Amino acid sequence: MTRHLLSIDDLSVDDMTTVFDTAAEMHDVQRREVKKLPALRGRTVINLFFEDSTRTRSSFEIAGKWLSADTVNITGKGSSASKGESLRDTVRTICAMGVDALVMRHSASGAALQVSQWVDAVVINAGDGTHEHPTQALLDAYTLRQRLGSLEGRHVVMVGDLTHSRVFRSNVKSLTRLGARLTVVAPPTLMPSGIGAWSKEAGFETSYDLDAVLPDADAVMMLRVQRERMAGGFFPSAREYAVGYGLTRDRLATLGADAPILHPGPMNRGLEIAADAADAAQSVVLDQVSAGVAVRMSLLYHLLAGGDVS
Ligand code: NCD
């Protein structure tokens, strides 16, 4: 297993399978009344978040606590970063206290890699700008495997703001390596530049026409329209986006009844996903959240303790 988790590239397919297998065992812990394993007793995990987060940060905290690690949360807003301290000084200060793992989210692509070169702690990327969000992709794949079994040959359709999405970039890597057939859909203005060459090399399809690909999907993953990363207009109006690229009630009717609907959250209801789709029986949005704790427990375990789970 890798030392740091900065990108899906750090994991082989065998590593991913190991992470999923351990996550399945961890998932059982989640269903117990007493949710505690001693595996990481005496270890300290810092969650350092320079961008907002609900599920990623709290699930890392819960994952660490259920493995008996001591967990501390630091956010950009409440830290000395807001007094002008550099990222290098902030992380070196934190790690001087004796920290085993640093889970970090930052608005700059490449921030986690940079930090991994400055500190001795294990660094886990919880989202760096528009680059990668590997633990999200792992929990997405875990959720898909729960529903579909092997992903070999299964058709996954990913739709939305691809330009600004780190979830998309990590998922392309994990899903293609796990053998899924992938089609990514976005309006031309939210399709990343250079995707033509990239899709050929990585082996996935691109489309501007959601209605053409949806009926053939074994699973659909809707991605959030990331207004906070947009400068200027990428589409004329919210209504126009929803009509062209939202998972609306009408489109839901064209999707196979067994095809799971995923969304990493937070959802913009009425924009990329209608309430009917978000709350449909085939929606696995909350299963993703639940899987998030199990997958992060598995990762913390393998990166910090290693060996077999007992
Ligand atoms: C994603 C993120 O932060 O990249 N959210 C998450 O971690 N669940 C996706 C998003 O913000 O749209």
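Note that the numbering runs from 1 along the sequence shown for the chain. Keep in mind that the numbers below use all heavy atoms, side chains included, and drop hydrogens, waters and symmetry copies. Only a predicted model underlies this, so the values are computations on that prediction, with no experimental measurement involved. Read the numbers this way: they start at 1 and go in the same order the structure lists the ligands and their atoms.
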What atoms of ligand 1 come closer than 4.0 angstrom to any heavy atom of [X]?
{"X": "Gln226", "answer": "10 (C), 12 (O)"}
{"X": "Val167", "answer": "1 (C), 4 (O), 9 (C)"}
{"X": "Gln136", "answer": "6 (C), 7 (O), 8 (N)"}

(request) Kindly identify the option in Ala126, Ser165, Gly265, Gly160 whose heavy atom sits closest to atom 5 (N) of ligand 1. (result) Gly265
(message) Looking at non-hydrogen atoms alone, which of Arg224, Glu132, Arg57, Arg169 comes nearest to atom 11 (O) of ligand 1?
(response) Arg224
Strictly below 4.0 Å, N to O, side chains only: are [X] and [Y] in salt-bridge contact?
{"X": "Lys173", "Y": "Glu132", "answer": "yes"}
{"X": "Asp9", "Y": "Arg177", "answer": "yes"}
{"X": "Asp70", "Y": "Arg41", "answer": "no"}

Heavy-atom nearest neighbour in the protein, as seen from [atom], with distance rounded to 0.1 Å:
{"atom": "atom 3 (O) of ligand 1", "result": "Arg166 NH2, 2.9 Å"}
{"atom": "atom 7 (O) of ligand 1", "result": "His133 NE2, 2.8 Å"}
{"atom": "atom 8 (N) of ligand 1", "result": "Pro264 O, 2.9 Å"}

(message) For His155 and Asp216: C-alpha separation, side-chain torsions, deciding distance, then whether side-chain hydrogen bond (donor to acceptor under 3.5 Å, both in side chains) applies.
(response) CA-CA 7 Å; His155 186 203; Asp216 182 46; 3.1 Å; yes
(message) I'd like to know whether CG of Asp21 has more than 12 heavy-atom contacts from other residues, nucleotides or ligands below 6.0 angstrom.
(response) yes
(message) Just checking Arg269: does its CZ atom have more than 12 heavy atoms from other residues, nucleotides or ligands closer to it than 6.0 angstrom?
(response)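 It does: Arg269 CZ has more than 12 such atoms within range.
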(message) Can you confirm whether the side chains of Arg296 and Ser59 place a donor and an acceptor under 3.5 Å from each other?
(response) yes
(request) Answer with side chain, backbone, both or neither: which part of Glu51 has a heavy atom less than 4.0 angstrom from an atom of ligand 1? (result) neither
